[in-house]
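Step one of this worksheet: look at the structure below.
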Amino acid sequence: MKIKVAAVQFEAGVGLEQENRLQMKQWINTIMAEHPDCSIIVFPELVVSGYDCGCHMAALAEEVEGESYRFFSEEARRYGVHIAYGNIERSGQEDRPYNTVWLIGSDGSLLHTYRKIHLASLEEAYFTPGEALLQSLCQIQHGPCVG
């Protein structure tokens with residue numbers, strides 16, 4: 001069994017969520033046009049919000065099934081590909097969200113979220129650390145996914 005993974009790296013603009021999502025959509029379109037057998041597309045940490053540490057990060061936080069999830073769910077379903085992306089997730093602490101990675105299934109379902117546990121020293125003032133290294137075992141079409 002072969003799994004084809006596309007890893008995308010680009011500099012996302014801080015606070016430019018809509019523009020970043022559109023740029024990611026272009027990457028998805030290009031990857032799937034050139035590699036229609038791609039199984040999963042992986043985007044960087046905090047790619048939707050842009051990577052920055054500052055008090056404004058909490059204002060950019062989204063619910064787990066918020067706007068970005070709905071956007072990427074549609075793209076995953078359209079192409080039948082898994083998508084992993086990083087964004088800021090609201091937490092119980094108003095001013096300290098989670099630095100989270102979402103894994104969307106090829107059917108558009110939310111398979112998993114992972115909240116970063118080991119925050120860099122600069123991140124500690126602005127993000128809440130995740131609590132569990134192994135949060136769940138999910139299944140992707142090519143085998144198990146541990147997160």
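These numbers were taken from a predicted model, which means no experiment stands behind them. In this chain, numbering begins with 1 at the start of the sequence shown.
Atom-to-atom distance recorded for Ser68:OG and Glu63:CD is 12.0 Å, nearest 0.5 angstrom. One finds the CG atom of Asn20 at 8.0 Å from the OG atom of Ser49 (value rounded to the nearest 0.5 Å).
Across all their heavy atoms, Pro97 and Ala61 have their closest contact at CB-CB, 3.9 Å. The two atoms that bring Ile104 and Leu110 nearest to each other are CD1-CD1, 4.0 Å, heavy atoms only.
In this view, Thr128 and Ser91, Gln93, Arg96, Tyr98 satisfy the side chain to side chain contact (heavy atoms under 4.5 Å, CB included) rule, not counting sequence neighbours. For Ala6, the side chain to side chain contact (heavy atoms under 4.5 Å, CB included) partners are Ile31, Cys38, Ile41, not counting sequence neighbours. By the side chain to side chain donor-acceptor pair (under 3.5 Å) test, Arg77 is found to be paired with Ser73, residues two or more places apart in sequence or in another chain being considered. Contacts of Glu74 classified as salt bridge (Lys or Arg N to Asp or Glu O under 4.0 Å), with partners at least two apart in sequence or in another chain: Arg78. Annotation: ring-ring contact (aromatic ring centres under 6.0 Å, His included) contacts of Phe72 (sequence neighbours excluded): Tyr85. Taking Glu67 as the reference, Arg21 meet the salt bridge (Lys or Arg N to Asp or Glu O under 4.0 Å) condition, with sequence neighbours excluded. Remark: Leu122 engages Cys53 in a side chain to side chain contact (heavy atoms under 4.5 Å, CB included) (not counting sequence neighbours). Evaluation of the salt bridge (Lys or Arg N to Asp or Glu O under 4.0 Å) rule for Glu45 yields Lys116 as partners, not counting sequence neighbours. Residues satisfying the side chain to side chain donor-acceptor pair (under 3.5 Å) test with Asp95, not counting sequence neighbours, are none.
Under 4.0 Å is where a charged nitrogen must lie from a carboxylate oxygen, and between Arg90 and Glu62 no such pair does.
Side-chain contact between Ile83 and Ile28 is present, with heavy atoms from C-beta onward closer than 4.5 Å. Side-chain contact check for Asn99 versus Arg115: every heavy-atom pair is 4.5 Å or farther apart. Asn87 is not listed as a side-chain neighbour of Glu89, based on a closest heavy-atom distance of 4.5 Å or more. Under the 4.5 Å side-chain criterion, counting only non-hydrogen atoms from C-beta, Phe43 is not in contact with Val101.
With His112 contributing its side chain and Leu103 its backbone, the two residues share no donor-acceptor pair below 3.5 Å. Between the Trp102 side chain and the Val64 main chain, a donor and an acceptor come within less than 3.5 Å of each other.
Pairs passing the salt bridge (Lys or Arg N to Asp or Glu O under 4.0 Å) check and including a residue from residues 24-35, sequence neighbours excluded, read Lys25-Glu75.
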Test salt bridge (Lys or Arg N to Asp or Glu O under 4.0 Å) on Glu65 and Arg70; report intermediate values, then the result. CA-CA 7 Å; Glu65 294 188 4; Arg70 291 187 300 274; over 6 Å; no
Pair Lys4, Ile40 - check side-chain contact (heavy atoms from CB on, under 4.5 Å), show working. CA-CA 7 Å; Lys4 187 177 275 191; Ile40 182 168; over 6 Å; no
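Residue Leu60 belongs to a hydrophobic cluster whose other members are Leu46, Tyr51, Met57, Ile88, Leu119, Tyr126, Phe127, with links defined by side-chain heavy atoms closer than 4.5 Å.
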Pair up each side-chain donor or acceptor in residues 8-16 with any protein partner under 3.5 Å, not counting sequence neighbours, and list the distances.
none

